[in-house]
Amino acid sequence: MHWTTDRTPPSVEPVVITKTRSPIRSSVGLKAVMAVTGILVVLFLIVHMLGNLKIFTGETSFDHYAHWLRDIGTPLLPHTWYLWIQRAVLTVALVAHIVAATVLARRARAARPVKYAHRKKVQGSYAARTMRWGGVIILLFVIYHILDLTTGHLNPQGDASNPYGNVVADFAPERWYVTLFYTLAIVTVGFHVRHGAFSAFRSLGQQTPQGERRARAAALVLAVALCGGYLVVPFAVLTGLVS
Ligand code: HEM
């Protein structure tokens, strides 16, 4: 007996092979990965911003702070070990954040194989729509920033013993384009954090319109505080307040 290729015999049930997926690879698991890694990076961002503000306490104090960073954990840990552990944790967090975001985005796309004939123009807030590109800009910025102020390769002074001088040389008025680039990147960080924090606060808080309003406000306050705290440093150098 023949079956045409596009038909299955009525008596044969399709065989469904179900693979068991580890809970972390479920969409809820991946969202949890995004939240935990996002929180780690935001904690770093808050501490790093507060540390940067020490620039207003003067050159000796700022350089002392930067050298102290290398001594955190001593004598329990050897010199610079804490910094390297932090770097490893942040790198793993960043990679996991990006991988989880990519897998979730692919799944969302696969769930709708047929594109909308007319894609709706309005899809959530501006921050929500720019998460992917925002993430790419932030990643490129972090690479540039490390080569600039950590290794010194892209810094006009690049003296590891004088981070204060490196920051002042970096944002000198004639290098206004560096301040412009930092401003763009920091505002992008602000949008990214605002949306990420809003999603996290909304999930954690009350699922009511009032809870959502509170989550939105808290995320905005966090993002504005971070942006302001970071931007004040290059603009203080640009305007000669820090020199
Ligand atoms: C105008 C704003 C900023 C200033 C003035 C600044 C300043 C600095 C300085 C001076 C260092 C070197 C610290 C040291 O090695 O002693 C550094 C490292 C670093 N910054 Fe920033 N930063 C700014 C914004 C940011 C932002 C927005 C991010 C993340 C999105 C960021 C991420 C990092 C990272 C990952 C390092 C490397 C830390 C390490 O050596 O382990 N920074 N920053």
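Scope of the values below: all heavy atoms of this structure, side chains included, with no hydrogens, waters or symmetry mates. Order of listing sets the numbers, starting from 1, for every ligand and every atom in it.
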Trainee: Would you find more than 12 non-hydrogen atoms of other residues, nucleotides or ligands less than 6.0 Å from His64 atom NE2?
Mentor: no

Trainee: Taking the six-membered ring for Trp and the full ring for Phe, Tyr or His, determine whether the centres of Phe171 and Tyr182 are under 6.0 Å apart.
Mentor: yes

Trainee: Going by the atom numbers of ligand 1, which of them fall below 4.0 Å from some non-hydrogen atom of Ala66?
Mentor: 16 (O)

Trainee: Given Phe141, Phe44, Tyr65, which one has a non-hydrogen atom that is nearest to atom 26 (C) of ligand 1?
Mentor: Phe141

Trainee: To the nearest 0.5 Å, what is the distance between CG (Leu50) and OH (Tyr65)?
Mentor: 8.0 Å

Trainee: Is the ring pair His145/Phe141 parallel, tilted or perpendicular, if the boundaries are 30 and 60 degrees?
Mentor: parallel

Trainee: Is Pro234 near ligand 1, meaning one of its heavy atoms is under 4.0 Å from it?
Mentor: yes

Trainee: Would you say the side chain of Tyr82 lies within less than 4.5 Å of the side chain of Arg70, judging by non-hydrogen atoms?
Mentor: no

Trainee: Number the atoms of ligand 1 from 1 as they appear, then name those within less than 4.0 Å of a heavy atom of Ile186, with their elements.
Mentor: 1 (C), 2 (C)

Trainee: For a quick test of reading the model, state the closest non-hydrogen atom pair linking Arg202 to Gln207 and the distance between them.
Mentor: O-NE2, 3.1 Å

Trainee: Using side-chain contact (heavy atoms from CB on, under 4.5 Å), reason through Phe201 and Arg214 one step at a time and then give a plain yes or no.
Mentor: CA-CA 9 Å; Phe201 294 154; Arg214 281 200 195 128; over 6 Å; no

Trainee: Angle class for the Phe181/Tyr144 ring planes (parallel below 30°, perpendicular above 60°, tilted otherwise)?
Mentor: perpendicular

Trainee: Identify, for atom 3 (C) of ligand 1, the protein heavy atom at the shortest distance, and state residue, atom and that distance.
Mentor: Asn52 ND2, 3.3 Å

Trainee: What is the closest protein heavy atom to atom 41 (O) of ligand 1, and at what distance does it sit?
Mentor: Arg87 NE, 2.7 Å

Trainee: Give, rounded to 10 degrees, the angle between NE2 (His48) and NE2 (His145) as seen from atom 21 (Fe) of ligand 1.
Mentor: 180°

Trainee: Of His67, Arg70, Met49, which has the heavy atom at the shortest distance from atom 16 (O) of ligand 1?
Mentor: Arg70

Trainee: Please determine which of Val136, Leu139, Thr37 meets the side-chain contact (heavy atoms from CB on, under 4.5 Å) test together with Ile98.
Mentor: Leu139

Trainee: For atom 36 (C) of ligand 1, which of the options Leu226, Val237, Thr150, Leu231 provides the nearest non-hydrogen atom?
Mentor: Thr150

Trainee: Around atom 11 (C) of ligand 1, find the nearest protein heavy atom and jot down its residue, atom name and distance.
Mentor: Leu149 CB, 4.0 Å

Trainee: Within 4.0 Å of atom 13 (C) of ligand 1 (strictly less), any protein heavy atom?
Mentor: no

Trainee: Considering only non-hydrogen protein atoms, determine which one is nearest to atom 2 (C) of ligand 1 and report residue, atom name and distance to 0.1 Å.
Mentor: Tyr230 CD2, 3.5 Å

Trainee: Which protein heavy atom lies closest to atom 29 (C) of ligand 1, and at what distance to 0.1 Å?
Mentor: Leu45 CD2, 3.5 Å

